[in-house]
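Just so you know, ligand 1 is whichever comes first in the structure, and atom 1 is the first atom listed for that ligand.
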Amino acid sequence: MMKTELIKVDPKRPDPRVMERAGGIIRSGGLVAFPTETVYGLGGDGLRADSSAKIYQAKGRPSDNPLIIHIAKTSDLYRVAAQVPDEAVALAKSFWPGPLTMIFPKTSEVPYETTGGLDSVAVRMPDHPAALALIRAAGGYVAAPSANRSGRPSPTLAAHVAEDLDGKIDMIIDGGMVGIGLESTIVDLTERTPVILRPGAVSREMLRAHLERVDVDPGLLGTDDSRPPRAPGMRYRHYAPRAPLVIVEGAEAEVAAYVDALAREAEKTGQRAGILASDETAGLYTAGLIKSIGSRVSESDIARHLYQTLREFDQEQVTCIYSEAFHTPSMGQAIMNRLLKAAGHRVVRVPDDGDRD
Ligand code: AMP
Ligand code: MG
C-alpha cells in the first residue's frame with residue numbers, strides 16, 4: 001500500500017502549484033486520478049511503458065484493453081498519430097476539447113503497453129480546466145482509462161475513485177462531480193468509413209454533420225457473441241454493480257406493476273430489491289429500495305447520475321436491481337449501451353395492456 005494524497009481543486013480555476021506538482025508525479029512515472037468532463041481518469045505518462053503497466057495493475061485491468069492518450073493541444077496529435085485524415089481535423093475543430101475519442105494508426109513513440117498491443121492509438125482532448133492543466137504539466141501525453149477498478153461502474157466523484165483505488169495510486173485530484181457522467185464517444189478513423197466503436201455524448205447525428213458516412217460497430221448493439229465489439233474494452237463485463245441487474249422495458253404503469261410484484265416477492269424471502277426509476281415514475285412503486293436517476297425530460301441528468309446510482313445500490317447491499325429503460329433522444333444510445341452492459345444484457349419486456357395477441 002502507498003499513501004494516496006487527496007487534493008481538492010476549483011474545477012474552473014485549479015491551483016497552478018497543485019497541477020504542477022501533480023504533473024511532476026506523472027513525469028516521474030507515478031499515477032494521478034483527475035476529473036474530466038466525462039468521468040474521472042487515472043493518468044500516467046502515455047509515452048512510458050512502465051507507467052501504462054502501472055495503470056493496468058492499479059485497475060486490475062486486462063493488459064490487452066488499450067488506454068486513451070489525452071492531449072491538451074491539437075498539434076500534439078501528430079507525435080502519436082501516424083496519419084491524420086482531413087475528417088479527423090474537422091472533427092477535432094468541432095468537438096475538441098470534448099467527449100470525442102478518435103483512433104489513428106500509432107507512431108513508434110507510443111509504446112505497445114499503452115495501446116494494449118495494437119498498432120492503433122486512441123486520442124482525446126478533454127474539456128476540463130484541471131485535466132488540461134495536468135496534461136500540460138505532465139508533458140503533453142497522459143494515458144488515462146476511467147479511474148475505477150476494472151469491472152466497477154466508472155467514477156463520477158472523487159469519492160468513487162478513493163473507494164476503488166485508495167492506496168494504489170499517488171494522488172487523487174478532487175474537482176467535484178463530473179459534467180457528463182458517461183465515457184467519451186469513440187470513432188475509428190483507420191478504416192475507409194469511420195465507425196463508432198462506443199456511443200457517448202457526441203451522437204451519430206452530430207458526427208454526420210461533419211462526415212459523409214459514419215457507421216456503428218454492429219458488435220455494439222446486439223447480444224450476438226459471434227460479432228464481438230471492435231473496441232477491446234467493450235468486450236469485458238463492465239460498468240457493473242455487485243447485484244445482478246435486469247432492465248424492464250414497457251409502458252410505465254405496466255413496468256411498475258411488474259417490478260413491484262417482483263420486489264415484494266424478493267422481500268418475502270429476505271432479499272432486497274433496488275429499483276432504478278425516474279422522477280416521473282418513482283411514485284408508482286410501493287416495494288423495494290427506489291432510487292430516481294433524475295427527470296425523464298433531462299437526459300443529461302440521467303447520464304450524469306447513472307454510475308453513481310449503481311454504486312449507491314452496492315452500498316445499500318441490495319441483492320437484485322430492476323431498472324427502467326431510458327431511450328432518450330440524443331444520449332439514449334450511450335445510456336442504454338452502459339445500462340445493457342451493467343445488466344449483462346438481461347432485458348424483460350412487459351407487454352402493454354393494448355398489445356396482447
Ligand atoms: P476507458 O478509458 O476506460 O474508457 O477505456 C478506453 C477504451 O477505449 C478501451 O476500453 C477500448 O475499448 C477503447 N480503445 C482504446 N484504444 C483503442 C484502439 N486503439 N482501438 C480500439 N479501441 C480502443
Ligand atoms: Mg473504463
Quick one: does [X] get a heavy atom under 4.0 Å from ligand 1?
X: Arg61; value: yes
X: Asn65; value: yes
X: Gly116; value: no

Taking 4.0 angstrom as the limit, do [X] and [Y] come out as a salt bridge?
X: Asp164; Y: Arg311; value: yes
X: Glu163; Y: Arg152; value: yes
X: Arg124; Y: Glu37; value: yes

TODO: Examine the side chains of Arg198 and Ser184 and answer whether a donor and an acceptor come within less than 3.5 Å of each other.
DONE: yes

- [ ] Return the set of residues passing side-chain hydrogen bond (donor to acceptor under 3.5 Å, both in side chains) with Glu109 (not counting sequence neighbours), or none when no residue passes.
- [x]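 Per chain and number, Glu109 pairs via side-chain hydrogen bond (donor to acceptor under 3.5 Å, both in side chains) with Arg79.
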
Open item on the list: Here's a test for you: under side chain to side chain contact (heavy atoms under 4.5 Å, CB included), which of Leu165, Asn148, Val178 qualifies with Pro155?
Closed with: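 When side chain to side chain contact (heavy atoms under 4.5 Å, CB included) is applied between Pro155 and each of Leu165, Asn148, Val178, only Asn148 qualifies.
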
Open item on the list: If I apply the N/O under 3.5 Å rule, does Glu183 come out as touching ligand 1?
Closed with: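 For ligand 1, there is no N or O atom that lies under 3.5 Å from one belonging to Glu183.
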
Task: Geometric N/O contact Lys59 with ligand 1, under 3.5 angstrom - done: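 N/O-N/O distance below 3.5 Å does not exist for this pair.
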
Numbered atoms and elements of ligand 1 in range of [X], under 4.0 angstrom, heavy atoms:
X: Pro145; result: 1 (P), 2 (O), 3 (O)
X: Leu197; result: 21 (C)
X: Ala122; result: 15 (C), 16 (N), 17 (C)
X: Ala144; result: 2 (O)

TODO: Would you kindly specify which portion of Asp188 sits under 4.0 Å from ligand 1, judged on non-hydrogen atoms: side chain, backbone, both or neither?
DONE: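 No part of Asp188 is near ligand 1 at this cut-off.
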
Task: Glu267 CD: over 12 foreign heavy atoms closer than 6.0 Å - done: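 For Glu267, atom CD is crowded (more than 12 foreign heavy atoms under 6.0 Å).
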
TODO: Using a cut-off of strictly less than 2.8 Å, determine whether Ser150 has an N/O/S atom near the Mg ion (ligand 2).
DONE: no

